[in-house]
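Computation of the quantities below employed the complete heavy-atom set of this structure, encompassing side-chain atoms and omitting hydrogens, waters and symmetry-equivalent molecules. Positions are given from 1 along the sequence. Since we're looking at a predicted model, the values are computed, not measured.
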Amino acid sequence: MSELLKKIDKPQDLHGLTEDQLVEVAEEVRSYIIDTVGEIGGHFGANLGSVEIAVALHSLLDSPRDKILWDVGHQAYPHKILTGRRDQLPTIRKYEGLAPFCSIFESEHDIMGAGHASTAIGYAVGLKEAMRRGHGEDGNVVAVIGDGAMTGGVAFEAVTQAGGLGTPIVVVLNDNGMSIAPNVGALSRYFNRVRLNPKLWHAREDVESGLTKLPALGHTFERFGPHVKESLKAFWSPGLWWEELDWAYVGVVDGHDVRAVRRAVREALSAQRPVVVHCATVKGKGFSPAEDGGLEGMEKWHAAKPKSIANGAPAPAAAAPAGAVAPPPQYTQVFGEALVREAQRDDRVLGITAAMNSGTGLNLLQRELPDRYFDVGIAEQQAVLLASGLALQGCRPVVAIYSTFLQRAYDQIVHDVCLQKLNVTFAMDRAGLVGDDGPTHHGVFDIAYLRCLPNIVLMAPRDEAMLVHMLRTALTYEDGPVALRYPRGEAMGVPLPAEPSVIPVGTGEILREAAGSGGPQVALLGYGSGVGKALAAADLLAEHGVAVTVADARFAKPIDAGLVAQLAAEHELLVTVEEGVLSGGFGSAVWETLSDAGITARILRVGLPDKFVTHGAPKLLHAEVEFTPERIAERVLTAVGERHQVA
């Protein structure tokens, strides 16, 4: 780390630097990110693309009095470095280290939490409108939003409202998908000054109204007024869409030119109206494999794996040890391959993703059957609406969205799918605690938020073979929507079926019968990844003379009431195990089922607590929330009157 960057302990330390020094700081921040993230892993390409924007904004603004919002927060590493967290960057995404995204609990400079996309402009409108009404300290409000985040519908809603209210905010559109040429240069800067000068802005309005007053021709201009206005506005501004919504458009600005960004933002702030500053950037700027690798390079280096970079270049791949056994496949890979086979079997099957093709495994469908693949952008609501329309025409759409992101489409799930009982399959990757991405990405609420909806079937596989069977089951089910949840990471390593089977909906399965030992009789009923935890806990309990039955519920709705009643009747204690929140979750479903049947039973529910869980390696998080076989076994021993420490 250079001497100049070491002196930046707060954003105000940038205020006295010359523009040449700010350029130097930007290069030092970029080098620091390459060296640090290349060693520890983390979001990479987007941060290299936002360096100059962060330096320019913090050199002009007085954070936190002035509000800088980052959307999405995976481009905010430079912001963190410049706001007092420079030396903590090596801890980012690690347990008890810096959060992977912006967090209002971490720094006063993080104005909003930002783990999901498209929200910053809406926040900005609210912040500035509160200031205009005298609430809180007044200041400038700037939202930095990526071009991907601009595909989300809520961003458009906020743009519309800000234009209508005339809210004086600045949006910096960080666009790494658009060429700078030919809009950079003296002529572009001139047009920017024209658009932002209040006198000239009003002069344009005067020209429009004046044309209607010309003798003889005025009536004609008035009659064709809308067309004349569009022509005039198109001349005055290339950002016609923004201008139509009463925003001033500035661009395209070279987002890697600190001087140009500073000049554009300074003029935008002085305009006192809604302004968008359109910056063209390169994702992965300064790291040639990402910068020069085209779309493939940008996608590959969106995030860097630990120790993937050495001396500023990709580190050579480590050779596998001799005799090493190949690890099990990832659940995402298993799902993607199974979906391709289902699409080949049935031409009604289509896949839909919301800008996460490789993250959901749909890149395999895109490659093999591109005409059966849809990517709607970061627009989960539209993903579900698209699926609804397809289902109405007899298709069998599969909406592959992370559990946590599907929350954004809740109204469409309720109103457009469940209410109309459409045959839509929701494939929810990243169910449970996902690790380093933290609370914005943990998929822990889907059981609870879907179980209360009529007409929907909820299922979860205990391993990759069951995932393949469940996908076939979902796509042959003809009585409404199905939601299928599965975890992130490596599967269990069991053989995959040559031909999937259809599972009777609403049926569970006993995997291990309690062996009579004269001791306590306990039943562990797992759901999804909870089954593996239950089996491991059963092994530990057996060492303490506890006879354990282990069952896989397979379905949270409809639940296998007969199996639940049998387990309750034949065992002293019934334990439910799920990797989801307990409130309204699978264990609650078991409890309700027995209560409705008039059955009294001792039930111990094991799951996730009523709190947002931090980021870190899943093993550490599972230990923190006591979702481990050892802790499950200890709780069972306590419940049956045996108090032992389980190693």
Sorted by chain and number, sequence neighbours left out, side-chain hydrogen bond (donor to acceptor under 3.5 Å, both in side chains) with H615 holds for none
Heavy atoms of M112 and C102 approach each other most closely as O-CB, 3.4 Å
Decide, yes or no, whether a salt bridge links R86 with D9 under the criterion of side-chain N to carboxylate O below 4.0 Å. yes
**Asked** Around atom CG of N311, are there more than 12 heavy atoms of other residues, nucleotides or ligands at under 6.0 Å?
**Response** no
For a quick test of your reading: what N or O donor-acceptor pairs under 3.5 Å do the side chains of residues 155-164 make, sequence neighbours left out?
unit_1, atom_1, unit_2, atom_2, d
T160, OG1, F156, O, 3.0

If you take the centroid of each ring, where Trp contributes its six-membered ring, are F44 and Y77 closer together than 6.0 Å?
no
Taken in chain and number order and not counting sequence neighbours, the residues that satisfy side-chain hydrogen bond (donor to acceptor under 3.5 Å, both in side chains) with E39 are K307
Check whether any side-chain heavy atom of S59 lies under 4.5 Å from a side-chain heavy atom of L22, and answer yes or no.
yes
If the threshold is 4.0 Å, N to carboxylate O, is there a salt bridge linking K285 and E52? no
**Prompt:** What about the rings of F101 and H43, do their centers lie closer together than 6.0 Å?
**Reply:** yes
message = Is there a side chain to side chain contact (heavy atoms under 4.5 Å, CB included) between L17 and I8? Walk through the geometry before answering.
response = CA-CA 11 Å; L17 301 183; I8 309 301; 4.2 Å; yes
(Q) If the threshold is 4.0 Å, N to carboxylate O, is there a salt bridge linking R263 and D257? (A) no
For this session: Begin with the C-alpha distance, continue with both residues' side-chain angles, and end with the deciding distance and a verdict on side chain to side chain contact (heavy atoms under 4.5 Å, CB included) for L406 and E380.
Result: CA-CA 7 Å; L406 193 61; E380 290 82 2; 5.8 Å; no
dist D110:CG -> S63:OG (nearest 0.5 Å) comes out at 8.5 Å
(Q) Between D175 and K283, does the salt bridge (charged side-chain N to carboxylate O under 4.0 Å, His left out) criterion hold? Intermediate values first, please. (A) CA-CA 9 Å; D175 182 357; K283 193 172 185 180; over 6 Å; no
Which of T360, D446, D437 passes side chain to side chain contact (heavy atoms under 4.5 Å, CB included) with Y402? Answer is T360
Correct closest heavy-atom pair for I352 and P397 would be CD1-CB, 4.1 Å
